[in-house]
Amino acid sequence: MADVPRRHPPHGARLRSVGAGELKLGHRVVHGYRRAYRMAGQGPALVLIHGIGDSSATWAELIPDLARTHTVIAPDLLGHGASDKPRADYSVAAYANGVRDLLTALGIESATLVGHSLGGGVAMQFAYQFPERTERLILVSAGGVGREVNPVLRAVSLPGAHLLLSTLRLPGMRLQVGLFARLMKLLDTDLGQDAPELLTLVDALPDATSRSAFIRTLRAVVDWRGQAVTMLDRCYLTEGMPTMLMWGDRDSVVPVRHAHGAHEAMPGSRLEIFEGAGHFPFHTDPARFLALVEEFTRTTRPADWSREHWRDLLVEGRPGTAAGRPDDARNHAREREMREASERSAT
């Protein structure tokens, strides 16, 4: 698919400013549950999907710049932020449905999806379930493209997680954990790059309801062995959909090798590595992140989905196999990985 300019202000045009009022949380009740979201700007729709335990606040400082040329929608996923936290389905498939329904309620028919961590998995699932509504994918340190994940998240998926998270709220514990995080930073470990950001996620779980929603979400995608859901076996379906991956090379939550695996599995995808960044590259280098998103959305056409093309991709199947049989030793290994991945698929 050729790259062409699209809906970008001409050189020298005055970009629209964003008022502070637009950045405040709005609310919409969908299926009886209150959903919080931030919405600002005008132009092509850009949906920002946060990671587990996080909220739309993670994008707050980026939204004003993005909203100069886009209609930006940043939801608080169900169970997160200011959205309701019911005892509900917190799978990536359910989250994709929730994003679709919120966008429909807001009058947004199609959009470019930007997903971070769990939000990257949700964005990929959205593109799989609703390709006709997906213009582009921008995946930032995305989950769902490999088994490995930080051991702390594996531990929190185990029985007793409620007690563990409650303990972290006890007086003095936050100080001790903070000291450990600073030590990891001083030792220049990868975990030290992400520890301050991860601690803010713990602070965002002030009560039992929040902690319960967090654990239900985590257990939907992670178990004691690692990530339990993958999109690797269906990544070939992104052919013809502009896709960009962004990753920090010191990500302690989802290793950067996952980026290279996803890049290989997604035909025509683009990979951008943030040197020295951890799991939150858009916080580490927001200027580069903004420039990449603006350039990518400006120079690529939205995906032109058709039922016929989708059927052809499904019939042809994953590249590198013939009638289900790998044709060399490398593909034998790749096929074993894909078979394992298919056991962890969301659908």
Side-chain angles (χ1 to χ4, degrees), residues 1-6 47 49 92 96 110-116 119-147 227 229-247 254-273 292-293 295-342 344-347:
M1 181 179 295
D3 290 351
V4 298
R6 179 177 181 269
V47 179
I49 309 175
V92 290
S110 64
T112 294
L113 271 67
V114 182
H116 172 240
V122 173
M124 286 188 285
Q125 185 69 22
F126 185 100
Y128 172 61
Q129 293 178 197
F130 316 112
E132 72 284 0
R133 302 187 68 164
T134 310
E135 296 183 357
R136 300 172 191 81
L137 279 175
I138 300 176
L139 307 174
V140 187
S141 306
V145 291
R147 181 185 291 277
Q227 295 190 62
V229 175
T230 186
M231 284 293 293
L232 271 181
D233 56 338
R234 285 159 284 162
C235 279
Y236 69 95
L237 293 172
T238 60
E239 181 179 321
M241 178 177 293
T243 301
M244 179 165 61
L245 300 108
M246 301 187 198
W247 234 274
V254 182
V256 69
R257 56 181 157 270
H258 290 205
H260 296 284
H263 178 47
E264 181 183 349
M266 294 180 164
S269 62
R270 172 177 170 182
L271 176 60
E272 297 285 346
I273 301 297
L292 285 170
V293 171
E295 185 266 340
F296 185 67
T297 56
R298 174 174 56 85
T299 61
T300 57
R301 288 184 184 274
D304 185 16
W305 182 86
S306 74
R307 191 177 303 275
E308 292 75 17
H309 177 61
W310 189 261
R311 183 190 61 229
D312 291 344
L313 289 173
L314 286 169
V315 170
E316 184 177 349
R318 293 195 304 266
T321 60
R325 293 187 294 275
D327 54 14
D328 57 31
R330 183 173 181 274
N331 279 331
H332 272 292
R334 185 67 171 167
E335 188 67 14
R336 283 197 301 272
E337 181 182 350
M338 289 298 186
R339 280 200 301 271
E340 180 186 272
S342 68
R344 301 184 287 122
S345 294
T347 57

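Below, each value reflects all heavy atoms present in this structure, side chains not excepted, and no hydrogens, waters or symmetry copies. Just so you know, residue 1 is the first one in the sequence shown, and it goes up from there.
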query: Atom CE of M244 and atom CG of L271: how far apart are they, to the nearest 0.5 Å?
result: 10.0 Å
- prompt: Would a distance-only check, ignoring hydrogens and angles, find a side-chain to backbone donor-acceptor pair under 3.5 Å from W247 to H258?
  reply: no
- request: Grab the two heavy atoms, one from L313 and one from Y236, that are nearest each other, plus how far apart they are.
  value: O-CE1, 3.2 Å
task: Under the ring-ring contact (aromatic ring centres under 6.0 Å, His included) rule, collect the residues that match up with F130, sequence neighbours excluded.
output: F126
field: Audit row: T297, E135, side-chain contact (heavy atoms from CB on, under 4.5 Å) steps and yes/no
entry: CA-CA 9 Å; T297 56; E135 296 183 357; over 6 Å; no
statement: Of all heavy-atom pairs linking A303 and P242, the shortest is N-CD, 4.0 Å
- line: In terms of heavy-atom contacts, V47 and A111 come closest through CG2-CB, 3.6 Å
message: Nearest 0.5 angstrom please: D304 CG to M241 CE, how far?
response: 10.5 Å
- line: What one should report as the nearest heavy-atom pair of A265 and L232 is CB-CD2, 3.9 Å
- request: Check side chain to side chain donor-acceptor pair (under 3.5 Å) between R270 and all other residues, then give those that pass, not counting sequence neighbours.
  value: E272, E295
query: Taking the side chain from S110 and the backbone from T134, do they hold a donor-acceptor pair closer than 3.5 Å?
result: no
message: So, using side-chain contact (heavy atoms from CB on, under 4.5 Å) as the criterion, who are the partners of R307 when residues are at least two apart?
response: W305
task: Supply the atom-to-atom distance M231 CE to L139 CG, rounded to the nearest 0.5 angstrom.
output: 9.5 Å
- prompt: Would R234 and M124 count as a side-chain contact (heavy atoms from CB on, under 4.5 Å) if you check the C-alpha gap in whole Å, the side-chain angles of each, and the deciding distance to 0.1 Å?
  reply: CA-CA 10 Å; R234 285 159 284 162; M124 286 188 285; over 6 Å; no
query: For T112, what residues pass the side chain to side chain donor-acceptor pair (under 3.5 Å) criterion, not counting sequence neighbours?
result: R136
field: Nearest heavy-atom neighbours spanning T238 and P267
entry: OG1-CD, 3.8 Å
statement: Scanning both residues in full, the closest heavy-atom pair of A142 with G120 reads CB-CA, 3.8 Å
- request: Could you tell me which residues satisfy side-chain contact (heavy atoms from CB on, under 4.5 Å) with S269, sequence neighbours excluded, listed by chain and number?
  value: T243, L245, H263, M266
